[in-house]
There are 2 protein chains.
Amino acid sequence: MKSRPTILDVAKQAGVSKSTVSLVLQGASSVKDETRASVRKAMAEIGYVYNRSAATLRSSSSGLIGLVINDLRNPFFTEFAALFQMELAQAGFATVLANSDEDPKLQSQMISSLVEHGVSGFIISPAYGDEASTLAVLEAANTPTLQVFRTLEPEGRTFPLLAPDYLTGGRLAAEHLVAQGCKKIAFLGGLEGRPVTRERMAGYLSVLEEHGHEPLILTGQSTRAFGKTMAVQLRKDHPGVDGVICFNDLVALGVLAACPDLGIKAGRELRVVGFDDIEDGQDSYPPLTTVSCNIPDFAASTARQIVAWIKEGKAPPPESRSPVRLVIRASSSD
Amino acid sequence: MKSRPTILDVAKQAGVSKSTVSLVLQGASSVKDETRASVRKAMAEIGYVYNRSAATLRSSSSGLIGLVINDLRNPFFTEFAALFQMELAQAGFATVLANSDEDPKLQSQMISSLVEHGVSGFIISPAYGDEASTLAVLEAANTPTLQVFRTLEPEGRTFPLLAPDYLTGGRLAAEHLVAQGCKKIAFLGGLEGRPVTRERMAGYLSVLEEHGHEPLILTGQSTRAFGKTMAVQLRKDHPGVDGVICFNDLVALGVLAACPDLGIKAGRELRVVGFDDIEDGQDSYPPLTTVSCNIPDFAASTARQIVAWIKEGKAPPPESRSPVRLVIRASSSD
DNA sequence: CTGAAAGCGCTTACAG
DNA sequence: CTGAAAGCGCTTACAG
């Protein structure tokens, strides 16, 4: 492992001073094209590799962005993470990943580690619990920080929140089921009392009230397994239910998977709507009607905003909501 | 944004020299317990944050590991990435993520960027194509590099490969279907000629030959959509097929999703086996029989090996295969 | 067990 | 447009 060439080596090779090399590296417009070219050529010749640690130390900007996700195994977050990382790479930033796995202790630890690495910004879809400590670490970091999808601060906002318009999503889903003629519509999944659950549910509740329908709410884990269990329970305890709005697609896919064994025709006897529009829903049986949050746009917009904040100091507004839309498939309209 | 305290500030606060602070930071055993305690206390008092860029510059070890994945949206890889990241965090390393999205150009670019950030090691599940250029960038990095799941170097090995024993997996799947009484077993999905496809298929082929069965191979994309299409095509062109081994679970889930509309009873008339054991397969209808690669163990072992290589210079053997096992569920044994 | 000094590879003013 | 000098915050020998 011989040590890598430095800008001094490049300078020598190109016959200029190291300042000039540094300027070329930073893309400064003040360097003559000719000089720039010869510097670039020298770099290629000796296999120069930019050392960001050195640059970071001097300029205190690492080009690293910390992405902290509460549950990376949920395809919804994965899709976001993958797209966000790629957007960021385009803008010249690398993404340091941390999966907090819904564990606030782990979350604080990982954030601290990212701070040591000098990340220039944070994107966090936070795990709930021990909010004060997480917020304290983040605040101490004193670096642009965006909350996405969820917030640790239901009241007031230290860190701007970017989230889909969950409430409208809940409304769209409920209106659709009412329009399909459903008489008894249940809301399934979502942890009680969480802001996201509350918002999605609020949309559902307001529509039901407008139409004089009785609501039925069964909160719980947001997993396939919970969806399966609930399908069984609905059949047993609430046979009248003819439509369900699920907290997310995983729950909905669980419901759909349980239907055949229960002899329920999903999409006819039981109309099912999910939330998130993960890829799996396109190929389930039957294909899943769902509220799409348009993750590709959301990821691109998140990347743009954190980069703008870092580069130009423009903090986004305390809260922005991105549009959602209903994607109608056979699970609700057979 | 006032600048952060440095070890000098800590030293002043604690009344020791900055070397001592540095030694405490590194956990050197030569520092008196009492001194160590007072240094730690000083750090807490003034809110000191370790600056890794500075440490990296001097010691040329960043504590960053680059994870380059060909398709992060595939749940199989996501699960690996999430678990690997968490293992690594335990060992004091942060994970920088790059999704190459099966694009070799992007892959080279992202690797270069990670090299600039001074990653101490690479884990790569490579995208195929333009192998020479990817390998060149990696080689120039001159840092511990492990290939996982796939290799860019079918012959010889510059970078050790860690992969599940795909061949045995293919055999287990085929033997199981033969034991279930299947007479005509097809192999679905996997891109033609890729090493991973070849290995899984080889296991299948050898078992079929042992039993005097005719093989039927339909390669293609490894997606749910492909599985759905193939189910239709099987019904039309190869109605005799009573068992399928799919390249991965996504293909298998696609086949299962298509069965109801085709009037096929999956698990009886058509026995389906997948590969990977992603979570979704537990809750599909019917639950999916599959070859498990035991990702939690695999991720932990990968983390251990890269850390050992970095810290102790122990490179793993050129190739190691981890055990697989068949998980039998209703999709093949109703 | 602790201190003083040098240096990692850049960027940043400041001259010219 | 280019050079010489200082400094970012650590770690690393080397003395004591």
Side-chain angles (χ1 to χ4, degrees), chain A residues 1-40 42-43 46-64 92 113 115-120 311, chain B residues 1-40 42-43 46-64 92 113 115-120 311:
Chain A
M1 303 228 187
K2 45 178 165 313
S3 63
R4 292 183 187 152
T6 74
I7 54 167
L8 258 172
D9 301 310
V10 176
K12 198 175 300 168
Q13 175 84 6
V16 301
S17 87
K18 69 176 176 159
S19 310
T20 307
V21 177
S22 179
L23 289 172
V24 171
L25 245 19
Q26 294 169 74
S29 57
S30 57
V31 182
K32 229 192 309 187
D33 280 356
E34 204 182 320
T35 313
R36 184 193 314 280
S38 83
V39 169
R40 292 237 171 267
M43 295 202 266
I46 65 179
Y48 170 75
V49 176
Y50 186 56
N51 182 333
R52 272 182 198 269
S53 294
T56 300
L57 180 55
R58 188 65 175 100
S59 68
S60 55
S61 146
S62 67
L64 245 28
S113 157
V115 173
E116 290 187 358
H117 281 287
V119 295
S120 305
K311 288 196 171 165
Chain B
M1 304 226 187
K2 45 179 166 309
S3 64
R4 294 184 186 151
T6 74
I7 54 168
L8 259 172
D9 301 310
V10 177
K12 197 174 304 169
Q13 174 84 5
V16 299
S17 86
K18 68 175 176 161
S19 309
T20 307
V21 177
S22 178
L23 288 173
V24 171
L25 246 18
Q26 294 168 76
S29 57
S30 57
V31 183
K32 230 190 310 187
D33 279 357
E34 204 182 320
T35 314
R36 185 194 313 282
S38 83
V39 170
R40 292 239 173 267
M43 295 202 265
I46 65 179
Y48 170 74
V49 175
Y50 186 55
N51 182 333
R52 270 181 200 270
S53 294
T56 301
L57 180 55
R58 188 65 174 99
S59 69
S60 54
S61 148
S62 66
L64 245 28
S113 156
V115 173
E116 291 185 358
H117 281 287
V119 294
S120 305
K311 289 196 171 166

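Protein chains get the first letters and strands the later ones, always in sequence-line order, with residue 1 at the start of each. Owing to the predicted nature of the structure, the values given are computational and were not obtained by experimental measurement.
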Among the nucleotides C:dC1, D:dC10, C:dG9, whichever has the atom closest to the side chain of B:I7 is D:dC10

Starting from C1' on D:dC10, measure out to CD on A:E116 and report it in whole angstrom. 13 Å

Pairs under 3.5 angstrom only: tabulate donor-acceptor contacts from the side chains of residues 6-15 of chain A to other protein residues two or more places apart or in another chain.
unit_1: A:T6; atom_1: OG1; unit_2: A:L8; atom_2: N; d: 3.1
unit_1: A:D9; atom_1: OD2; unit_2: A:T6; atom_2: N; d: 2.8
unit_1: A:Q13; atom_1: NE2; unit_2: A:E45; atom_2: OE1; d: 2.4

Side chain to side chain contact (heavy atoms under 4.5 Å, CB included) between A:Y48 and A:L25: does it pass, once the steps are laid out? CA-CA 11 Å; A:Y48 170 75; A:L25 245 19; 3.6 Å; yes

Name every residue in residues 51-58 of chain A that has at least one heavy atom under 4.0 Å from any atom of DNA chain D, in order of residue number, or write none if there are no such residues. A:L57, A:R58

Keeping to residues at least two apart or across chains, list the salt bridge (charged side-chain N to carboxylate O under 4.0 Å, His left out) pairs with something in residues 47-57 of chain A. A:R52-B:E116

Involving DNA chain D, stems made of at least three consecutive Watson-Crick or G-U pairs, both distances under 3.5 Å: C:1-3 with D:14-16, C:5-12 with D:5-12, C:14-16 with D:1-3

Residue pairs passing the side chain to side chain donor-acceptor pair (under 3.5 Å) test with at least one member in residues 21-36 of chain B, sequence neighbours excluded, are B:S22-B:Q26

Whole angstroms only, please: what is the CG-P distance between A:D9 and C:dG9? 9 Å

With sequence neighbours left out, the residues meeting side chain to side chain contact (heavy atoms under 4.5 Å, CB included) with A:A37 are none

Heavy-atom side-chain proximity of B:N51 to A:L57 below 4.5 angstrom: yes

Integer-rounded Å distance: C:dG7 P and A:L8 CG: 13 Å

From B:S17 atom OG to B:L23 atom CG, the distance as rounded to the nearest 0.5 Å: 8.0 Å

Let me know the distance between NZ of B:K32 and C1' of C:dG3, rounded to the nearest Å. 15 Å

Rounded distance in Å - CE (B:M43) to P (D:dC10): 10 Å

List in chain and number order the residues that pass side chain to side chain contact (heavy atoms under 4.5 Å, CB included) with B:S59, two or more places apart in sequence or in another chain; answer none if no residue qualifies. B:S61

Does the side-chain hydrogen bond (donor to acceptor under 3.5 Å, both in side chains) test come out yes or no for A:S62 and A:T56, once each step is laid out? CA-CA 5 Å; A:S62 67; A:T56 300; 5.4 Å; no

So B:S60, base contact, sugar-phosphate only, or nothing? Heavy-atom distance under 4.0 Å. nothing

Between the protein and nucleotides 14-16 of chain C, are there any N/O to N/O pairs under 3.5 Å, and if so, what are the atom names and distances?
none

Under the rule for side chain to side chain contact (heavy atoms under 4.5 Å, CB included), what residues qualify as partners of B:S113, not counting sequence neighbours? A:A94, B:H117

Using OP1 and OP2 only, check whether a side-chain N or O of A:S59 sits under 4.0 Å from C:dC10. no

Among residues 11-28 of chain B, which ones have heavy-atom contacts with DNA chain D below 4.0 Å? B:K18, B:S19, B:S22, B:Q26

Considering only residues two or more places apart or on different chains, which pairs with a residue in residues 13-22 of chain A satisfy salt bridge (charged side-chain N to carboxylate O under 4.0 Å, His left out)? none

Given side chains that start at C-beta, do those of B:R40 and B:V21 come closer than 4.5 Å, heavy atoms only? no

Side chain to side chain contact (heavy atoms under 4.5 Å, CB included) partners for B:A55, two or more places apart: B:Y50

